[in-house]
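A short worksheet on the structure shown next.
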Amino acid sequence: MNEVKEISKENNSKGIKPVEETSDDMKMLDDLTSSEYKWGFVTDIESETAAKGLNEEVVRMISKKKNEPEWMTEWRLKAFRHWLKMEEPTWPNVHYPKIDFQNISYYSAPVQKPKLNSLDEVDPELLKTFEKLGIPLEEQKLLSGVAVDAVFDSVSVATTFKASLNEKGIIFCSVSDAVKDHPELVKKYLGSVVPYTDNYYAALNAAVFSDGSFVFIPKGVRCPMELSTYFRINSMDTGQFERTLIIAEEESYVSYLEGCTAPIRDNNQLHAAVVELVALDEAEIKYSTVQNWYPGNKEGKGGIYNFVTKRGACRGNHSKISWTQVETGSAITWKYPSCILQGDYSVGEFYSVAVTNNMQQADTGTKMIHLGKHTKSTVVSKGISAGRSNNSYRGLIKIGKNAEGARNYTQCDSMLMGDRCGAHTFPYIEVENESSKVEHEATTSKIGEDQIYYLNQRGIGTEDAVNLIVNGFCKEVFKELPMEFAVEAQKLLAISLEGSVG
Amino acid sequence: MLSIKNLHANVEGKEILKGINLEIKAGEVHAIMGPNGSGKSTLANVLTGNKSYEVTGGEVVFDGKDLLDLDTETRAREGMFLAFQYPVEIPGISNATFLKTALNELRKYKSLPELTPREFLERIKEKANILGLDETLISRYVNVGFSGGEKKRNEIFQMLMLEPKFVLLDETDSGLDIDALRIVSDGVNVYKNEKNAFLVITHYQRLLNYIHPDFVHVLYKGKIIKSGGKELALELEDKGYDWIKTEEVEIDKA
């Protein structure tokens, strides 16, 4: 991704603002916080945005805008009525003022021709935006063999490679299209992993979700390319509620990538997505995320509230679901990509790097629910805290009473930069079958001054030294990412922690 | 090449170096000996710019530049190398990545192009051979799981790879058996030439059987109290540091 390279180069040459010097440590921390968000531009594009507020009329309006069939409208309304009865959760280790759900617009879409047949018909301003983000759709289409679905505010803008995927029977389209073109699949699987009753934000999402990606891999097919969705919030005061559904039939395989950015806004914006994965017998789904929503400024003003429900069901025997996430953005991140291991011998994996800086807060981790026999799960979590941020790992390992011979291994490492940030670990373990084996390891360390000195003494500058050390710390997770995504993730990390030592 | 004048330094507010004077020319090997706590390692840390050490007086000129004005990495790029007494571990970063990054920084500083992967690999093979190192070492994480001897050999390997002008060996002999000591010394002797210089810091005379110094200095309580040729090292070995201490007491009295 050449474009991304350009962005990071530009940023590295940017000077670091001078700050009051109190001590070396303070200077290091202040320098750290002077690094700026690089994707904060706003696209000047005409969009159609719904008035603020939420009621049944708004839900009906969204459904109508999308020309949805009656059953879909009904499902949304049921979810909305359920949501009204629910309480906003307060258990995560994050703090923020109460959200006014009536002060958010629930639908925004770029104004354009109603039906797009090819990328050539997409608004050029929009395509330019994706290019700035390092996602040149055209180039990707031609060169890289990554099929891209781009969701801009609420609407899926373009899905590349549709035709070549179709030949193999693979469906990769927006959820809106799937509702129209493949209603039987949507009816069967939508809400089957994350029902609208699941939690507060899942219910809200079910009521107002605007778009997202839909993937179906038929039996025995190995998806020949990585599928990728790029999410972008552009409009002000809008929430983004996308919904992704991936179904891998027997003996199929798919690798799916997800990236996200948003412009700089002074107010907080809500992002409440739902992702559902279904893997049947011997199917494998690999889901990778690089999340870089706007984190707010150094005083903690603005930024995205990222409240997301991601869950995969290993329904089939010998099926496998693997989550890999690199979380550098958002003011508040609250998500637990999870696996329900129903099939015997099914495998769940969770590899995570979560970086918090300045005033960011993250409460993230996973749930591994072992139901089938000989199910296996691996959890590797790397938390890096800098500035005045707080980074929590929260994980549940549950071994059901029929999960004979189930095994889990959890490794949870935290790295602190400076002494004003926090790292917390909340492991929950529930075991109902005695033949299972659950292992948990946790470490917390401060970035080593002796390591930095050692690298300095070999001619490596402090910034590069910190990057090397941090990348080494995250190695086990980065190696799970597809190659070009791993490169992007490393650069993102470098930018997030830019100027970290004085 | 290196000229130290009246160097004073503190560690955590306590004065450790109390006026060091030392002249080292290209092609020379100097040894600094002294009992524990005399300031040997402090000198190494001060010369390489460790921020935990505070220079309170004096000057150091390295190749015509005011050394104390430069930060650690610039001193390294100028050609100063410290073989650490306790090399640190860096998990997740391979020796190859580490050395390539370091080497390219040095080359960039000298306005040289980066080495091609082929050139880099050839250099690794050549230098690893000198030290009888297993080439798989290059893919292992920096010093992680290395034995004490392997860590010291890895330091000398880095020296051969980076080709510094001035090398500080900080107690490189500690924890080495006789075979490892010979290998490490061979590495140093292969590298030694008319253009570079060495400062060998050691507690024992043993290392100097393998690396022959042109000059030997005795450091005691933050000062060089005696200088001489390599026979001084043998004399110290014979009589122990107490001999120097009593001599110093006599100097103090006089």
Side-chain angles (χ1 to χ4, degrees), chain A residues 9 12-13 21 23-28 31 326 351 353 380-382 384 411 413-415 441 443-481 486-487 489-490 493-494 501-502, chain B residues 44-45 47-54 70-110 140-144 151 154-155 157-159 161-164 166-168 170:
Chain A
K9 258 187 208 160
N12 285 340
S13 66
E21 246 179 279
S23 72
D24 270 3
D25 246 12
M26 292 293 275
K27 186 172 180 321
M28 168 184 135
D31 282 354
V326 176
Y351 299 95
V353 168
V380 177
S381 164
K382 304 279 180 177
I384 301 162
Q411 182 194 333
D413 300 320
S414 307
M415 183 183 267
E441 284 177 26
T443 65
T444 302
S445 57
K446 263 188 111 164
I447 192 159
E449 269 172 34
D450 52 345
Q451 287 175 323
I452 294 174
Y453 172 56
Y454 188 76
L455 294 170
N456 282 161
Q457 213 299 307
R458 296 299 183 253
I460 300 168
T462 300
E463 201 130 293
D464 291 335
V466 169
N467 285 340
L468 271 179
I469 295 164
V470 169
N471 277 323
F473 177 72
C474 301
K475 185 79 168 193
E476 290 148 286
V477 175
F478 285 165
K479 74 179 189 341
E480 295 298 325
L481 288 171
V487 172
Q490 285 188 19
L493 221 66
V501 185
Chain B
N45 277 293
L47 289 178
T48 51
N50 189 334
K51 292 184 189 80
S52 314
Y53 296 75
E54 186 196 356
L70 309 174
D71 57 22
T72 302
E73 55 268 34
T74 311
R75 294 182 200 193
R77 291 166 194 165
E78 284 286 338
M80 179 163 281
F81 181 93
L82 169 62
F84 282 76
Q85 184 178 2
Y86 304 109
V88 299
E89 300 183 356
I90 305 174
I93 295 299
S94 69
N95 261 319
T97 304
F98 164 55
L99 275 173
K100 211 170 156 204
T101 311
L103 201 52
N104 284 335
E105 286 295 337
L106 300 181
R107 292 179 70 85
K108 198 163 80 190
Y109 190 73
K110 293 178 193 155
R140 288 168 66 186
Y141 296 153
V142 180
N143 294 324
V144 176
K151 283 185 184 171
N154 195 27
E155 293 293 291
F157 175 59
Q158 290 174 34
M159 176 196 79
M161 287 294 291
L162 302 176
E163 300 181 331
F166 183 80
V167 180
L168 281 150
D170 189 4

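In what follows, chains carry the letters A, B, and so on, assigned in the order in which the sequence lines appear, proteins first and then strands, with residues in each chain numbered from 1. Quick caveat: nothing in here was measured; it's all calculated off a predicted structure. Side chains are part of it too, since the values below use all heavy atoms of this structure and drop only hydrogens, waters and symmetry mates.
- If you take CD1 on A:I452 and CD1 on B:I90, they are separated by 10.0 Å, rounding to the nearest 0.5 Å.
- Taking 4.5 Å as the heavy-atom cut-off, the residues of residues 92-99 of chain B that approach chain A are B:G92, B:I93, B:T97, B:F98, ordered by number.
- Heavy-atom distances place both the backbone and the side chain of B:L82 under 4.5 Å from chain A.
- Between chain B and the residues A:I469, A:L468, A:L455, A:N456, the most heavy-atom pairs under 4.5 angstrom are made by A:N456.
- With a 4.5 angstrom heavy-atom cutoff, B:E89 touches chain A only via backbone atoms.
- A:Q457 places no side-chain N or O within 3.5 Å of a backbone atom of B:T48 that could act as its donor or acceptor partner.
- Remark: A:D450 engages B:V88 in a side-chain contact (heavy atoms from CB on, under 4.5 Å) (not counting sequence neighbours).
- Heavy-atom contacts from other residues, nucleotides or ligands closer than 6.0 Å to OH of B:Y109 number more than 12.
- Across A:G459 and B:A76, no two heavy atoms sit closer than the pair N-CB, 3.4 Å.
- Annotation: side chain of A:D464 is not in contact with side chain of B:E73 (no heavy-atom distance under 4.5 Å).
- Neither the backbone nor the side chain of B:P164 has a heavy atom closer than 4.5 Å to any heavy atom of chain A.
- B:N45 touches chain A through backbone and side chain together, each having a heavy atom under 4.5 Å away.
- Applying the side-chain contact (heavy atoms from CB on, under 4.5 Å) criterion to B:K100, with sequence neighbours excluded, gives B:N104, B:F120.
- Only the backbone of A:F473 comes within contact range of chain B, with heavy atoms under 4.5 Å apart.
- For the salt bridge (charged side-chain N to carboxylate O under 4.0 Å, His left out) test, residues two or more places apart in sequence or in another chain that qualify with A:D413 are A:K382.
- Under a 3.5 Å cut-off, the side chain of A:R458 and the backbone N or O of B:F81 do not form any donor-acceptor pair.
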